[in-house]
Undergrad: 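Below is the structure I would like to discuss, written out as structure tokens.
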2 protein chains.
Amino acid sequence: MITNKNCIIRLSRYKNALYRLQALGFVKVFSDNLADSVGGTASQVRKDFSIFGISGNKKGGYQIDSLLEKLNSILGKDQLQKVLVVGAGHIGSALMRYRGFEKEGIKIVAGFDIDPAKINRSNPVPILPLDEAKAFIKSNQIRIAILAVPDIAAQSALDLICAAGIKGVLNFAPLRLKAPDGSIVNNVNLEIELENLIYFVNVAEKTK
Amino acid sequence: MITNKNCIIRLSRYKNALYRLQALGFVKVFSDNLADSVGGTASQVRKDFSIFGISGNKKGGYQIDSLLEKLNSILGKDQLQKVLVVGAGHIGSALMRYRGFEKEGIKIVAGFDIDPAKINRSNPVPILPLDEAKAFIKSNQIRIAILAVPDIAAQSALDLICAAGIKGVLNFAPLRLKAPDGSIVNNVNLEIELENLIYFVNVAEKTK
DNA sequence: ATCATATTGTTCCATTTTTCACAATAACAA
DNA sequence: TTGTTATTGTGAAAAATGGAACAATATGAT
Ligand SMILES: NC(=O)c1ccc[n+]([C@@H]2O[C@H](COP(=O)([O-])OP(=O)(O)OC[C@H]3O[C@@H](n4cnc5c(N)ncnc54)[C@H](O)[C@@H]3O)[C@@H](O)[C@H]2O)c1
Ligand SMILES: NC(=O)c1ccc[n+]([C@@H]2O[C@H](COP(=O)([O-])OP(=O)(O)OC[C@H]3O[C@@H](n4cnc5c(N)ncnc54)[C@H](O)[C@@H]3O)[C@@H](O)[C@H]2O)c1
């Protein structure tokens with residue numbers, strides 16, 4: 001069982017690179033082409049594939065279309081992934097208006113908010129009152145949510161949606177949430193991303 | 001020289017946890033308190049500190065205020081970090097309106113856009129035409145930028161700001177940019193974050 | 001003053017991740 | 001057909017990361 005997050009991220013990158021190559025008319029690809037496209041090494045590409053039992057052809061590389069099929073299946077992209085956004089504020093609405101997820105088979109199906117002023121059922125992505133979240137999650141069998149509520153509300157909103165059936169949450173609030181049993185929380189912490197960047201810029205500056 | 005990104009992320013977490021503890025009135029802390037707060041082990045906390053020459057007191061733990069001073073200095077938080085946003089669209093304006101960075105000593109000082117309709121010099125964070133970016137970066141000695149332009153414009157915008165003196169970029173466009181010499185690009189790729197989450201949710205589902 | 005105790009700092013060990021290296025082999029050329 | 005070459009797949013080596021263990025020691029108790 002693979003627990004290596006970086007490995008899965010690389011699979012996503014290979015997949016994206018393969019679509020670009022396919023769009024350019026390529027039908028096969030070698031491990032070193034892929035390595036170049038995503039910025040890695042050829043042996044790591046092959047090792048990653050081998051972990052998932054993906055094989056190519058000696059001297060012939062990999063068929064792009066069948067490779068994409070396999071990667072897409074591993075990454076759960078053989079079915080449309082329905083996602084909710086909880087918190088229709090600045091970040092939440094930016095995400096709901098973003099069209100880029102759709103080409104990745106990810107569809108934001110609804111937003112939820114406690115502020116009555118934010119409710120808008122006729123939006124392309126409808127924004128509904130939080131009270132309706134539980135029923136919505138259950139009847140539409142949603143498993144994934146993006147959490148974009150104020151920090152103070154994050155844990156209770158998380159508990160609510162997980163109790164309703166959400167299994168995976170991408171959390172934007174910059175604090176450590178306790179994931180309810182059976183659910184996974186990943187964080188996007190932009191403060192920390194910036195701090196990290198600043199650190200490495202400073203280090204580069206000093207060693208220069 | 002530390003190249004371990006996770007280690008630096010942990011330093012940020014320690015720092016955040018320390019502020020919370022400080023706000024609760026604590027003046028000292030033990031490695032296992034910190035480990036609990038951030039979800040790690042006590043030896044890792046001590047190891048992280050030791051890497052940076054931070055020492056505490058046998059049996060006495062660490063003084064929170066002096067620990068914070070040291071962490072803040074390592075993380076470059078002893079001076080206000082001025083940051084630009086390039087691209088005042090959905091993501092860019094969400095970031096410019098966000099007040100949360102300020103308490104972290106990060107100040108978004110300006111946004112830049114090519115669309116004349118976006119220009120607004122009297123905004124709390126002024127939004128200026130891209131042509132002015134170079135002069136602004138130079139005269140204000142900005143080193144860090146957030147890139148939130150459409151995918152197609154990302155590489156050229158990156159080249160422009162790095163040529164003007166930007167050393168570190170947090171890029172939201174879901175593609176691999178070529179960092180100009182002497183600059184660092186870190187990516188926030190939400191598509192990939194979601195794919196990753198979906199993968200691990202599926203795995204958990206299956207092994208259940 | 002002595003002892004017991006709690007906690008650090010660091011060394012050593014285990015695990016994970018990446019890279020190297022090369023045998024196996026499919027494709028192609030002559 | 002035979003030989004040459006390019007590329008995979010993988011086992012072994014190396015590097016990086018994380019965790020356990022424990023000696024050193026400051027603190028507080030008796
Ligand atoms: N905006 C940014 O650029 C940015 C950057 C980094 C981190 N964040 C984090 O993202 C989160 C959201 O930030 P934002 O700027 O979008 O905030 P915001 O205040 O603009 O929006 C939050 C929304 O959540 C709604 N809400 C409050 N409690 C709720 C609940 N219990 N259930 C459902 N909805 C609820 C509010 O009505 C509001 O519409 C915060 O945790 C913030 O720290 C935001
Ligand atoms: N909005 C989201 O939720 C979201 C999610 C994931 C990724 N992204 C990525 O973030 C980036 C920005 O997305 P967005 O939704 O904010 O886009 P957007 O179209 O809302 O905004 C982009 C802004 O950049 C400006 N712009 C275009 N070219 C420019 C240039 N050369 N220099 C300066 N400004 C320029 C445009 O005028 C516009 O204001 C895109 O790469 C997108 O793929 C966005």
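Computed over heavy atoms, backbone and side chain alike; hydrogens, waters and symmetry mates excluded.
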Undergrad: To check you understand the geometry: which heavy-atom pair defines the closest contact between B:Ile2 and B:Ile51, and what is its length?
TA: CD1-CG2, 3.1 Å

Undergrad: For the helix from C:dA1-D:dT30 to C:dA30-D:dT1, measure the angle between the helix axis at one end and the axis at the other, each built from five pairs, rounding to 10°.
TA: 0°

Undergrad: Which heavy-atom pair separates A:Ser156 from A:Ala153 by the least distance, and what is that distance?
TA: OG-O, 3.2 Å

Undergrad: Between A:Arg10 (CZ) and C:dT19 (C1'), how many Å, whole number?
TA: 12 Å

Undergrad: Any chance CZ of B:Phe52 has more than 12 other-residue heavy atoms, nucleotides or ligands included, within less than 6.0 Å?
TA: yes

Undergrad: Take atom CD1 of B:Ile51 and atom C1' of D:dG18, then tell me their distance rounded to the nearest Å.
TA: 10 Å

Undergrad: Within the 3.5 Å criterion, strictly below it, is a donor on B:Arg176 or A:Asn16 matched to an acceptor on the partner's side chain?
TA: no

Undergrad: Round to a whole Å and report the spacing from CD1 of B:Ile2 to P of D:dA16.
TA: 12 Å

Undergrad: What's the separation between atom CD in A:Glu193 and atom CG in A:Asn196, rounded to the nearest 0.5 Å?
TA: 6.5 Å

Undergrad: D:dA6 P sits how many Å from A:Lys28 NZ, rounded?
TA: 13 Å

Undergrad: Nearest whole Å is fine: how far is C:dA21 C1' from A:Gln44 CD?
TA: 16 Å

Undergrad: To the nearest Å, give me how far apart CG (B:Asn6) and C1' (D:dA16) are.
TA: 11 Å

Undergrad: Whole Å only: how far is the CD atom of A:Gln63 from the P atom of C:dA26?
TA: 15 Å

Undergrad: Are a donor atom and an acceptor atom from the side chains of A:Asp48 and A:Gln44 found within less than 3.5 Å of each other?
TA: no

Undergrad: Between A:Asn4 and C:dT18, is there a contact of a side-chain N or O with OP1 or OP2 at under 4.0 Å?
TA: yes

Undergrad: What residue among B:Lys5, B:Arg13, B:Lys15 forms salt bridge (charged side-chain N to carboxylate O under 4.0 Å, His left out) with A:Glu195?
TA: B:Lys15

Undergrad: Do A:Tyr19 and A:Glu104 have a side chain donor and acceptor closer than 3.5 Å?
TA: no

Undergrad: Between the protein and nucleotides 7-12 of chain D, list every N/O to N/O distance that falls short of 3.5 Å.
TA:
{"from": "D:dT8", "atom 1": "OP1", "to": "A:Ser31", "atom 2": "N", "distance (Å)": "3.0"}
{"from": "D:dT8", "atom 1": "OP2", "to": "A:Ser31", "atom 2": "OG", "distance (Å)": "2.8"}
{"from": "D:dG9", "atom 1": "OP1", "to": "A:Gly56", "atom 2": "N", "distance (Å)": "2.5"}
{"from": "D:dG9", "atom 1": "OP1", "to": "A:Gly56", "atom 2": "O", "distance (Å)": "3.2"}
{"from": "D:dG9", "atom 1": "OP2", "to": "A:Gly56", "atom 2": "N", "distance (Å)": "3.3"}
{"from": "D:dG9", "atom 1": "OP2", "to": "A:Tyr62", "atom 2": "OH", "distance (Å)": "2.8"}
{"from": "D:dG9", "atom 1": "N7", "to": "A:Arg46", "atom 2": "NE", "distance (Å)": "2.7"}
{"from": "D:dG9", "atom 1": "O6", "to": "A:Arg46", "atom 2": "NH2", "distance (Å)": "2.8"}
{"from": "D:dG11", "atom 1": "O6", "to": "A:Lys47", "atom 2": "NZ", "distance (Å)": "3.4"}
{"from": "D:dA12", "atom 1": "N6", "to": "A:Lys47", "atom 2": "NZ", "distance (Å)": "3.3"}

Undergrad: Once rounded to the nearest 0.5 Å, what's the spacing between atom CG of B:Leu84 and atom CG of B:Leu95?
TA: 12.5 Å

